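Inspection log for the structure reproduced underneath, given as structure tokens.
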There are 2 protein chains.
Amino acid sequence: MPERVTLRDVAVVADVSAKTVSRVVNGDAHVTPTTRARVQRAITELGFQPNLVARSLRVGRADVIGLVVESLADPFFARLTSAVEQAAHERGLAVMVSSVGNQVPERESLVVESLLVRQVAGLIVAPMAQDHGYLAGARQRTPVVFVDRLPEGIVSDAVLVDDLAAGEVATGHLIDHGHRRVAFLGSELRNPTTRLRLAGYRRALARHGLDADESLVAVGAGSAGEARSAAEQLLGGERPPTAIFSSNMRCSLGLVPLLHGSGRTDVAVVSFDDFPMADSLVPAVTVIDHDPEVIGRAAAERLFRRLEDPDADAETVVVPFRLVPRGSGELRPPGATAGPDRERVQDPVPDDDREQDMAHHGVEGGRRP
Amino acid sequence: MPERVTLRDVAVVADVSAKTVSRVVNGDAHVTPTTRARVQRAITELGFQPNLVARSLRVGRADVIGLVVESLADPFFARLTSAVEQAAHERGLAVMVSSVGNQVPERESLVVESLLVRQVAGLIVAPMAQDHGYLAGARQRTPVVFVDRLPEGIVSDAVLVDDLAAGEVATGHLIDHGHRRVAFLGSELRNPTTRLRLAGYRRALARHGLDADESLVAVGAGSAGEARSAAEQLLGGERPPTAIFSSNMRCSLGLVPLLHGSGRTDVAVVSFDDFPMADSLVPAVTVIDHDPEVIGRAAAERLFRRLEDPDADAETVVVPFRLVPRGSGELRPPGATAGPDRERVQDPVPDDDREQDMAHHGVEGGRRP
DNA sequence: AGCGGCGTTGTCATCGATGTCAAGGCAGCG
DNA sequence: CGCTGCCTTGACATCGATGACAACGCCGCT
């Protein structure tokens, strides 16, 4: 029994050529049933398994897809990874994962390169880099689907949430509940989704005629601990916020324990992304919910379609988000009275119209050119 | 400019053989500095990247490690995955991930096989299968490190937490706080860690002279929702538990919202594994904490060492766990008085001795033969 | 001058699969 | 019987890298 059984070993036992064994293994029609049965017996007897590395080299492409995310431990990306892996597995593809970290966006191109030299059939990338020109050459032979944001400098398939709109909805929700000092808590600005959510925050402020106060913007939190410290500073300022838009799960995991631990559950919170126990806390946390599993699956499907039809036009899929009111986002600022905010003179639209506008934003999924 | 630059292309430009280019790429000493510089220039000019699939085929092993876990979305495994990927990346290795799911332990061997045919250099496996004999042959060429439990039927490297001891500590903690109706909430019994934690639970009961009541054992929860339903049944029974040992994070994510949502925060809880917000809830959740990052890193290091020394003896690394009292596990049962439990006549050891005993369990890490 | 040793370089086989295309066998038709 | 077409099979090159080892040149020593 040789250490590794090859086509040749099977060919000897079955008294055919290795090519015929290959035909049987790959379901090629050009084999007689008699020969086929004989080869199958030999395959079973020897426990033959094709060497997929050899096949990949010959074919020029591995049956593996690459996934690049910021962090595999991040709950959002963990669930996205899981969805991608499951979709790939259903197609007989393996998944090679790689993380970029949150310190050096330029690592993205190195990480992607390390997947390309392994001949991955395709890539799903949650981008952090400023410029995706590095992918221009590779994309002729390796399809790429971007998740969470559009690439810069190239046209590619993508699966997105509208971060700007979501940031605007989250912030608008707080403003609609009377808050005039709304803070933004976010990760590094080199993270494109942070920038978009911040832009949405600012657009909501502007839309309500509120001045943007940069002392209410705390970005750069690379961990839950840093988010916690940043929130502490926000709340300890001269004119502290009465509400906080926490622009990703990681920041929320720093902010919420702080508020609960320091008895500041009076501060209104909208969290971008749901997280465990958010609805069990008192008050339960209002969230912008977008499902990483939906994103992961959509990205994988998009990639499979691209593999089948390399020359089709690039397509962007926008997946829906929704605001889930649970309590923390509906808290009123100190001194505010119940009911519609009477100070709001710039926008006479009734509340129900605004709710509908939000529902429109929250439900809309579709295609973006 | 050819589509793909090979050693041969570089060799032509540099006027050397492909073998010399290979020597330069691999840092072989047998190249003159003059030749080396000339080749480097050609490499840069052509943008050459070695084809790692070709190398893998020739060498007989890919520079990829495989990781097999139950679910990539599970927070515990997500963090373990992240730690493994980072450790691998530091070594220039890629990571191929695969999930088994929680329904069919036998899928493990199929999943492992799909990694083996891709010539992974080594495997890290969080096992679910009943028998690891399927790995006996492969292990001669592909090192395996098991995480979380020892394999069945083969001797292999492993990185473990002592699930039985941890289950015993968790349950003992509840008993020490006066509970006599302690329930066990767990996943499927085909999951070996569930079985060990249940055994620990039973051992704690026995140690305190308490009869095991099977109506207090709820296993089979495949999701947080199912855990929630199981907990509902436990609490709705004729003689409901006053305390619950939730034997994994997933069960806790079902149980804790139930308790909070139904006003049953009087039920004492110890959760195996920490989770986000556990310490922000009221009462904060007492947990058995073991760090998946420590496990992941230890597993990766063990695998790297195995790759360097394939013939060394198998080794098991036991990583520490600790009980983190936060409130939920220290709740007293209804009608209990404060202070030491006067009903405990079988064990006259004072509380401080027992605390020390637990600290001993919680701190101990080391090697197991 | 001749020999031996050492360092560098190159040739060629190898890894294990698949693609390309020729060859052989058989059936049908004139 | 000879020719043509179709189907099956096999030979051999290919994928792109590395391992094994021979060949060559140079230097130092006798």
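A quick note: this is a predicted structure, and the numbers were derived from the prediction, not measured. First the proteins, then the strands, lettered A, B, ... as listed; each starts at 1.
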Exercise. Distance only, no hydrogens: is a donor on one side chain within 3.5 Å (strictly under) of an acceptor on the other, for B/Tyr134 and B/Glu108?
Worked result: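 Present: a donor and an acceptor within the cut-off.
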For this session: Answer yes if the side chains of B/Gln86 and B/Ser82 hold a donor-acceptor pair under 3.5 Å, and no otherwise.
Result: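 A pair is found: one side chain offers a donor N or O, the other an acceptor, under 3.5 Å apart.
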Are OP1 or OP2 of [N] and a side-chain N or O of [X] less than 4.0 angstrom apart?
X       : N      : answer
A/Thr6  : C/dG16 : no
A/Ser22 : C/dA17 : no
A/Thr20 : D/dG10 : yes
A/Thr32 : D/dT8  : no

Going by an N to O cut-off under 4.0 Å, is there a salt bridge joining [X] and [Y]?
X        : Y        : answer
B/Arg305 : B/Asp157 : no
A/Arg297 : A/Glu85  : no
A/Arg4   : A/Asp9   : no
B/Arg306 : B/Glu301 : no
A/Arg91  : A/Glu308 : yes

Rounding to a whole Å, what distance do you find between [X]:[atom1] and [N]:[atom2]?
X        : N      : atom1 : atom2 : value
A/Asp63  : C/dT18 : CG    : P     : 11 Å
A/Arg8   : C/dT18 : CZ    : C1'   : 13 Å
A/Asp9   : C/dA17 : CG    : C1'   : 13 Å
B/Arg118 : C/dA17 : CZ    : P     : 14 Å
B/Gln119 : C/dG16 : CD    : C1'   : 9 Å
B/Leu7   : D/dT18 : CG    : C1'   : 9 Å
A/Arg61  : C/dT18 : CZ    : P     : 15 Å

Out of [options], which has the shortest distance to the side chain of [X]?
X       : options                : answer
B/His30 : D/dA17, C/dT9, C/dA17  : C/dT9
A/Arg23 : C/dA17, D/dG10, C/dT9  : D/dG10
B/Leu57 : C/dA17, D/dT18, C/dG16 : C/dG16
B/Asn51 : D/dA17, C/dG16, C/dT9  : D/dA17
B/Pro50 : D/dA17, C/dT8, D/dG16  : D/dA17
B/Val31 : C/dT9, C/dA17, D/dG16  : C/dT9
B/Lys19 : C/dT18, D/dT8, C/dT11  : C/dT11

For this session: Output, in order, the C-alpha distance, side-chain angles, deciding distance and verdict of side chain to side chain contact (heavy atoms under 4.5 Å, CB included) for A/Asn191 and A/Asn102.
Result: CA-CA 8 Å; A/Asn191 183 328; A/Asn102 59 20; over 6 Å; no
Exercise. Step by step, would you call A/Asn51 with A/Thr6 a side chain to side chain contact (heavy atoms under 4.5 Å, CB included)?
Worked result: CA-CA 8 Å; A/Asn51 182 336; A/Thr6 70; over 6 Å; no
Give one of base, sugar-phosphate or nothing for [X], where a contact means two heavy atoms less than 4.0 Å apart.
X       : answer
B/Thr35 : sugar-phosphate
A/Ala18 : nothing
B/Val53 : nothing
A/Val25 : nothing

Problem set entry | Axial bend angle, the helix from C/dA1-D/dT30 to C/dG30-D/dC1: five-pair end segments, nearest 10° | 70°
Problem set entry | Residue closer to the 5' end of DNA chain C, B/Asp15 versus A/Val59 (nearest nucleotide) | B/Asp15
Problem set entry | Base C/dG16 to side chain B/Arg58, donor-acceptor N/O within 3.5 Å cut-off |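 In this structure, the two groups form no donor-acceptor pair.
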